[in-house]
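Below is one structure; the comments refer to it alone.
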Amino acid sequence: MVKFFESSYTYDYSFPAVTLAYFLRYPNPYSTHVLSTDVIDRSIDSQGRLKTLRIHRKSSRLPPAVLKLLPKSVLGNVSGGRSESYILETSTIDVKEGWMHTESKNLDWTGILSVVEKQEYQRRVPDNEGDDFSVAAGTTGVITTVMFRSRLGDRLRARANRKDEVKEEVEEKKSFLASWSTSGIQRSIEAIASRRTENQLGKSKEGMKVVLERLRSGGLVGVLEGMRRDREMAFSGESVFKRG
């Protein structure tokens, strides 16, 4: 089963400013759960497009509603519902045409829920400024699409049917599956993830706006100074954040 979430927004900032803010958005006051960011690869292709591959390490918490749906056998090493997770991010920027495409996906918990977020940023300027790429020119639109896919119900059913399944684990899942069909489990987890994603996207947008305002008022120096303050506040002065 697959569930989609889509939203659109327009930043009152130019395309160069928004794309710069995108790569400088961690840390900010709305992203205290992001522990580090590292660039894995960065290159310019034959068409002059910048391609970047990054990985984000985040402190994540499974929603209590999801924890109630899961038997202990699939939770693994989770303490208080919190664990660290990794997000793989790819991006492509075409400065000449004025667009950026990004894709982020989780590398952990994929057996429970796979989340793929795609964003399409588009430069918007008045017709008489069509060749103006200055930082102050135009606005930037973004369309965000998130796809959720849960295979947990299928996994539980397959494991319950294995001949070598230990009796205790079968009994544990028997009562669990008695109340929830495979499709019911999947729908519940995807619905919870959809509501949580809507909230997180709101925070992500606010974080971007903080970085953009710092860029507008203080330039790159203002952004870097803000990042330093946010890092100190989030990590109590510990240098665990790497900027990519």
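Computed from heavy atoms alone, side chains included, the values below leave out hydrogens, waters and symmetry copies.
With a 4.5 Å cut-off between side-chain heavy atoms of Ile, Leu, Val, Met, Phe, Trp and Tyr, the cluster of Ile87 takes in none.
Asn106 places a side-chain N or O within donor-acceptor distance of the main-chain N or O of Val115, the cut-off being under 3.5 Å. A donor-acceptor distance shorter than 3.5 angstrom exists from the side chain of Asp108 to the backbone of Tyr86, with no hydrogens or angles considered. For Thr140 (side chain) and Tyr13 (main-chain N/O), a donor-acceptor pair under 3.5 Å exists by modelled atom type.
Other residues, nucleotides and ligands place more than 12 heavy atoms under 6.0 Å from the OH atom of Tyr22.
Between Arg228 and Glu225, at least one side-chain nitrogen of the basic residue sits less than 4.0 Å from a carboxylate oxygen of the acidic one, meeting the salt-bridge criterion. Under a 4.0 Å N-O distance rule, the pair Glu206/Lys209 qualifies as a salt bridge.
The shortest side-chain heavy-atom distance between Asp94 and Gln47 does not fall under the 4.5 Å cut-off. Between Asp230 and Met233 the shortest side-chain heavy-atom distance does not fall below 4.5 Å. Using a 4.5 Å heavy-atom threshold, the side chains of Pro27 and Thr32 count as separate. Side chains of Ile143 and Glu6 form a contact here, defined as non-hydrogen atoms less than 4.5 Å apart. For the pair Leu24 and Leu220, the minimum side-chain heavy-atom distance is below 4.5 Å.
The CG atom of Asp12 lies 9.0 Å from the OG1 atom of Thr10; values are rounded to the nearest 0.5 Å.
For the side chain to side chain donor-acceptor pair (under 3.5 Å) with Thr37, the lone residue among Arg25, Arg54, His56, Lys58 that qualifies is His56.
When all heavy atoms of Thr144 and Gln119 are compared, the closest pair comes out as OG1-NE2, 2.9 Å.
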### Task
Before giving the answer on side-chain contact (heavy atoms from CB on, under 4.5 Å), spell out for Val146 and Leu201 the whole-Å C-alpha distance, their side-chain angles and the decisive distance to 0.1 Å.
CA-CA 10 Å; Val146 185; Leu201 287 178; 4.3 Å; yes
